[in-house]
Amino acid sequence: MKRNYILGIDTSCDDTCIAVISESGELISNVVSSQIDIHSEYGGVVPELAARKHLEVLPTALVKATEPIDGLENIGAVCVTYGPGLVGSLLCGLSFAKGLSFSLSIPIIGVNHLEGHIFSLNIGRNGPRPPYLIAILTGGHTLIVLVKKMGDYRVIGRTLDDAIGEAFDKVARLLGFSYPGGPHIEKAASEADMAVEFPHPMSGRDTYDMSYSGLKTAVMNYVKKIDKKKLKYEVNMIARGFQESAFDTILTRIRRAVDEFKVKRWGIVGGVIANKRLRELANNLAKDTETELYLPEIEFAGDNGAMIALCGAFNLDRGKKDNLGLATYPNLPLCEKPSEKMFRR
Ligand code: KG4
Ligand code: ZN
């Protein structure tokens, strides 16, 4: 029997994601079942509800994802996110993947969700050739990373407090929008003819680290000061001011890193790069600096199983296999895993 296909599963947060790729990396199917309806009324993800929904949806998502390959018999490996993420959510995907690994007698490969996002640039095409620079902008992480080669990463900057996506979600809530806030802020900002001026936290400092909590607080203080009746007329201007400051914070650092590290190719991945204004600003920066920019297709900006399958397949090729003892690791960093550090020494 030929087992030509690889399965990728991600349940790190509030999307139930299963994808199938071929041995050569071609995308066969990509099922993403969103839980927005469940969490939007709470203004953020409720971990227990997210885990319960994953349990309910995983079996049908698997059936749907494996329809084009006529079921499970042709699957040769299962790749699954084991961190970082919400522990209950991670446990659902990991346990499900272990069940598949055991019952089909196929290898299981644990994937780091952040490394998975890096591979979103390789879905259905060749990604940038290393070395390159990449910014990972999600609801839980904000990282600027040098990719020396695939699998060899150096984090040069990170948020010291809130992640950029988290700031979008929190500011959206302040402005009366539901979760997730990013698309609401983007729409409101695009309808504004002016922008409220907000600070650009930690600008002018000699670091690639960032802070988004200060910006969120500045918006909060502004909202508190204005008359509630006036707020509805200012929402769009506030959204635009916040969005411009949030994007300027990351793009000024990328510009500096491009100079310092003589970067020729760079990319942005993660849910926040679904934002068209950020895509436009990033394209402008690439033109200005005469560098090559890589962005994922919008459908692969957010969480998906395809990036997990590609990343897992890459690691499988390099001999990485896990076993049924694999545990979740909710705070898993992109690199600097203690075991890897020890290995390098
Ligand atoms: O990568 P992702 O889907 O999940 C995590 O790994 O966290 O990122 C989700 C984040 C949320 O904070 C969401 O508000 C943000 O991405 N986001 C956006 C947009 N669409 C999603 N932020 C700004 N503009 C958008 N259009
Ligand atoms: Zn993600």
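Order of appearance sets the numbers: ligands from 1, and atoms from 1 within every ligand.
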Q. Angle at the Zn ion (ligand 2) between OD1 of Asp303 and NE2 of His117, to 10°?
A.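 Vertex at the Zn ion (ligand 2): approximately 100°.
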Numbered atoms and elements of ligand 1 in range of [X], under 4.0 angstrom, heavy atoms:
| X | value |
| --- | --- |
| Gly139 | 5 (C), 7 (O), 8 (O), 9 (C), 10 (C), 12 (O) |
| Phe168 | 23 (C) |
| Gly165 | 12 (O) |
| Gly302 | 3 (O) |
| Glu186 | 25 (C), 26 (N) |
| Gly140 | 7 (O) |
| Pro183 | 19 (C), 20 (N), 25 (C), 26 (N) |
| His117 | 1 (O), 6 (O) |

Any side-chain heavy-atom pair from [X] and [Y] closer than 4.5 angstrom?
| X | Y | answer |
| --- | --- | --- |
| Leu285 | Val258 | no |
| His54 | Gln35 | yes |
| Ile123 | Leu310 | yes |

#### Entry: From CA spacing to verdict: side-chain hydrogen bond (donor to acceptor under 3.5 Å, both in side chains), Glu292, Tyr132
CA-CA 10 Å; Glu292 258 176 64; Tyr132 64 89; over 6 Å; no
Assess whether atom NZ of Lys230 is packed by more than 12 heavy atoms of other residues, nucleotides or ligands within 6.0 Å.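 For Lys230, atom NZ is not crowded (no more than 12 foreign heavy atoms under 6.0 Å).
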Given Leu121, which partner from the list Ile268, Val147, Val269 fulfils the side chain to side chain contact (heavy atoms under 4.5 Å, CB included) test?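 That would be Val269; it is the only one of Ile268, Val147, Val269 passing the side chain to side chain contact (heavy atoms under 4.5 Å, CB included) with Leu121.
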Tell me the protein heavy atom at minimum distance from [atom], and give that distance in Å.
| atom | value |
| --- | --- |
| atom 23 (C) of ligand 1 | Gly182 CA, 3.5 Å |
| atom 24 (N) of ligand 1 | Asn275 ND2, 3.0 Å |
| atom 17 (N) of ligand 1 | Gly271 O, 3.6 Å |
| atom 15 (C) of ligand 1 | Val272 CG2, 4.0 Å |

**Prompt:** Going by an N to O cut-off under 4.0 Å, is there a salt bridge joining Lys187 and Glu191?
**Reply:**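 Salt bridge flag = yes for Glu191 with Lys187.
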| Ion pair present between Lys53 and Glu56, side-chain N to carboxylate O less than 4.0 angstrom? |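 Answer for the salt bridge query: yes.
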(request) With heavy atoms only and a cut-off of under 4.0 Å, state how Asp169 meets ligand 1: side chain, backbone, both or neither. (result)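 Side chain only; the backbone of Asp169 stays clear of ligand 1.
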Problem - For ligand 1, the portion of Lys276 having any non-hydrogen atom under 4.0 Å away - result: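 Within the 4.0 Å criterion, Lys276 makes no contact with ligand 1.
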Exercise. Give a yes/no verdict on a cation-pi contact between Arg256 and Tyr208, requiring under 6.0 Å between NZ or CZ and the six-membered ring centre and an angle within 45° of the axis.
Key: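 That pair qualifies as a cation-pi contact.
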Item to complete: Measure the distances from the heavy atoms of His113 to every atom of ligand 1 and state whether one is below 4.0 angstrom.
Response: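 Checking ligand 1 against His113, which is what was asked, there is a heavy-atom contact under 4.0 Å.
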message: When you measure from the heavy atoms of Cys13 to every atom of ligand 1, does any distance fall below 4.0 Å?
response: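 The answer is no, since Cys13 has no heavy atom less than 4.0 Å from ligand 1.
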Would the distance check show the side chain of Asp303 and the main-chain N or O of Asp15 forming a donor-acceptor pair, the cut-off being under 3.5 Å?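 No, Asp303 side chain to Asp15 backbone: no donor-acceptor pair under 3.5 Å.
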Notebook entry, point to check: Is the Zn ion (ligand 2) less than 2.8 Å from at least one N/O/S atom of His113?
Noted result: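 Checking His113: at least one N, O or S atom is under 2.8 Å.
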- Item | Phe247-ligand 1 polar pair, N/O distance under 3.5 Å |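 The answer is no, given that Phe247 and ligand 1 share no N or O pair closer than 3.5 Å.
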Geometric N/O contact Asp303 with ligand 1, under 3.5 angstrom:
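Between Asp303 and ligand 1, an N or O pair is found under 3.5 Å apart.
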How long is the span from the CD atom in Glu166 to the OG atom in Ser213, to the nearest 0.5 Å?
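That separation rounds to 8.5 Å.
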(Q) Determine whether the aromatic ring centres of residues Phe247 and Phe168 are separated by less than 6.0 angstrom. (A)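 Centroid separation for Phe168 and Phe247: below 6.0 Å.
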